[in-house]
Amino acid sequence: MTGPDGPHRASGSDGGDFRPAGGGSDLAREEEERAVEQALALVGGTTLRPSRGRDIPGTPGTPGTPRASGASGGDLSSGPTGNGQDRSASTDSAPVGGSPAGNGPSAGGPSGGARATAQASGSDQRPRPGRSSSEAPAPNAEPATPKAPPLSWDRARAVATRAGRTGPPATIRLPLDRALGHVLAEPLGALTDLPSFDTSAMDGWAVAGPGPWAYEAGAGLLAGRSPDTPLPDGTAVRIATGARVPPDTTAVIRSEHAHPDEAKGLLHARRSVVTGQDIRPRGQECRSGEQLVPAGTVVTPAVLGLAAAAGYDALPAVPRPRVDILVLGDELLAAGLPHDGLIRDALGPMLGPWLRALGAEVAGPVRLGDDAGALRDALASSDADLIVTTGGTASGPVDHVHPVLDALGAELLVDGVAVRPGHPMLLARLPAPGQMKGQPEGPYLVGLPGNPLAAVSGLLTLAEPLLAGVAGRPAQDAYRALVHAEVHGHPHDTRLVPVVHRAGRAGGRDHVAPLRYNGPAMLRGIAAADGLAVVPPGGVRSGTEVEILDLPWAPATPWTEGCFT
């Protein structure tokens, strides 16, 4: 079945038929019992262990084999301690259908794809040793374990956020000229009082006691020079902005508020003088040891200036997460016009800058085509913190991401999300090089659908909260805004719709307007957007408040409604 984001994964994952169990033979009864056991496992009744190390389709001489939903070979446990699948959702969203004998697949869940009980083979469910991609599958290959329903959109984001915060972030010290854009690993405390001495806030005259004040001609006190002696009562001295005021100074009189009588050598005030006026006292901005900014703050130019003023030469920062981008698909062109069934690669040029805007250090995209072996080699050799793939996350004949992850022993944390566009997205963690399967401690992988707007949905659903956690950034604050216009929704899934913020007219409230060209393969709408509206199942009416996901930049052009709305 083909959906707007690409083919839905077929029930059972292997594309094979589901033969009803017959009655009368021991084998048939055993198949029936196995089917019921697998159905119970889907809703938490029995724990099954899917096999791992499955063959990779696309290798010469190796047909595609079923994919276990656990992918890591671990138990199909529920909750955050398992593989990220929400078992409770399976009882609400995708009830197991069929007869007690397990005859046929179950009815569909919220994503619209049927979730069938896998065909029973009579073999046990213990893990098998992995096979190389060149080996042919055994004649009696195990069936796939039934795939759990996709996670809800908010739960998928929560899983990605949790995954990014599994351990304390690393800390490096960066000189100020290299710290811009990084995240502070520790709170920034004041190393001294600011200002560290009383200073003049204006160009003018430092005076002591009541006036008029005697003064001597000369340059006076300049910034960077410290006065030698206290200022006697009844005297004044010229002073520059930022200069240290002499001890016993009563106030600073601005130049425009003072009248020096050169003939008599006396200074008169044009306005009343208040003790302490135009003096910045020591510690006015902060005291030594006071927190200036918290950990998790992005180092902006203003933060750099504050750090320098506070006496810092280097800052404790979190290293930027390193990201590799793997572009999959034989149909993609790197240059020129689309032709003869070939299309331009829109994601390769887009993902790098987008991920950099999220605070990552990104290598140039690597185009692998539809080559399972090349994909496996790239994943196994990557030393990045996150690998982002494009396309290949569904169950088509050249969709290799799931089988390759299975063969490498990756742990699937999110396998499908109830969101449109982008529902075939996934989040996995690979084992570290040399690590045993089932003990993943290597890089994360976010598998994006191949359609451009669907890929954007995957970026904001999984990659953005994951990278925020790895980089030590605070989560994006959720906020809601009025939407002007009715927005149609999916019957069961969350929908992400490009929107642009509009100022209220004639005293009206600010709001967001949905944009046209919001199909899964379109980028015209998101190019004009400054956010995405999170539309619940069923849609919303005009005037309803919806959650907004900000994009990591503001539009360079003040878009008008024009052809985009």
| task | Please step through side-chain contact (heavy atoms from CB on, under 4.5 Å) for the pair Leu379 and Leu326, ending with a clear verdict. | result | CA-CA 9 Å; Leu379 297 185; Leu326 306 179; 3.7 Å; yes
| message | Using the rule given for side-chain contact (heavy atoms from CB on, under 4.5 Å), can you reason through Glu331 versus Asp370, listing the C-alpha separation, both sets of side-chain angles and the distance that settles it, and then say yes or no? | response | CA-CA 9 Å; Glu331 75 281 11; Asp370 292 316; 4.1 Å; yes
| request: Please assess Val303 against Val298 for the test side-chain contact (heavy atoms from CB on, under 4.5 Å), listing each intermediate value before the final yes or no. | output: CA-CA 8 Å; Val303 171; Val298 177; over 6 Å; no
| request: Check the pair His402 / Ser395 against side-chain contact (heavy atoms from CB on, under 4.5 Å), numbers first and verdict last. | output: CA-CA 8 Å; His402 279 99; Ser395 58; over 6 Å; no
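Taking all atoms of both residues into account, the shortest heavy-atom contact from Ala156 to Val417 is CB-CG2, 3.6 Å. Between Val318 and Pro169, the shortest heavy-atom contact is CG1-CB, 3.8 Å. What you find for Arg173 and Ala314 is that their closest heavy atoms are NH2-O, 3.3 Å. The nearest pair of heavy atoms linking Glu464 to Leu358 is CG-CD2, 3.7 Å. Counting all heavy atoms, side chain and backbone alike, Thr461 lies closest to Arg157 at O-CG, 3.0 Å. Nearest approach of Pro187 to Gln291, heavy atoms of both residues: CB-OE1, 3.5 Å.
Atom OG1 of Thr161 is separated from atom CG of Leu466 by 8.5 Å, given to the nearest 0.5 angstrom. Here the OG1-CZ distance, from Thr192 to Arg287, works out to 10.0 Å after rounding to the nearest 0.5 Å. Rounding to the nearest 0.5 Å places CG of Asn451 at 9.5 Å from CG of Leu523. Note: Asp415 CG to Leu427 CG = 10.0 Å, rounded to the nearest 0.5 Å. Distance check: Met425 CE to Leu151 CG gives 11.0 Å after rounding to the nearest 0.5 Å. Put simply, OG1 on Thr171 and CD on Glu186 are 5.5 Å apart, with the number rounded to the nearest 0.5 Å.
With hydrogens and angles disregarded, a donor-acceptor distance shorter than 3.5 Å links the side chain of Arg480 to the backbone of Glu545. Side-chain atoms of Ser457 come within 3.5 Å of backbone N or O of Pro421 as a donor-acceptor pair. With hydrogens and angles disregarded, a donor-acceptor distance shorter than 3.5 Å links the side chain of Thr393 to the backbone of Pro424. At least one donor-acceptor pair closer than 3.5 Å links the side chain of Asp371 to the backbone N or O of Gly373. Between the Arg473 side chain and the Val183 main chain, no donor and acceptor come within less than 3.5 Å of each other. A distance-only check finds no donor-acceptor pair linking the side chain of Asp510 to the backbone of His501 [under 3.5 Å]. No side-chain donor-acceptor contact under 3.5 Å links Asp330 to the backbone of Gly369. Using modelled atom types, no side-chain atom of Arg322 and backbone atom of Ala363 make a donor-acceptor pair closer than 3.5 Å. The main-chain N or O of Ala163 is found under 3.5 Å from a side-chain atom of Tyr444 such that the two form a donor-acceptor pair. With Tyr312 contributing its side chain and Leu304 its backbone, the two residues share no donor-acceptor pair below 3.5 Å.
Between Leu306 and Glu285 there is a side-chain heavy-atom pair separated by less than 4.5 Å. Between Leu351 and Pro365, the closest side-chain pair of non-hydrogen atoms is not below 4.5 Å. Looking at heavy atoms from C-beta onward, Val500 lies in side-chain contact with Asp530 at the 4.5 angstrom threshold. At a threshold of 4.5 Å between non-hydrogen side-chain atoms, the residues Leu386 and Val446 count as touching. Residues Val401 and Leu328 have side chains in contact (heavy-atom distance under 4.5 Å, counting atoms from C-beta outward). Here the side chains of Ile343 and Leu333 are not in contact, with every heavy-atom distance at 4.5 Å or above. Residues Tyr479 and Asp550 form a side-chain contact, since some pair of their non-hydrogen atoms from C-beta on lies under 4.5 Å apart. Between Pro443 and Asp385, every side-chain heavy-atom pair lies at or beyond the 4.5 Å cut-off.
Ring geometry for His484 against His511 counts as parallel: the plane angle stays under 30°, on a 0 to 90° scale with 60° as the upper cut.
With a 6.0 Å radius and a threshold of 12 heavy atoms from other residues, nucleotides or ligands, Arg344 has its CZ atom above the threshold.
Just one residue in the list Leu551, Leu467, Leu448 forms a side chain to side chain contact (heavy atoms under 4.5 Å, CB included) with Leu459, and that residue is Leu448.
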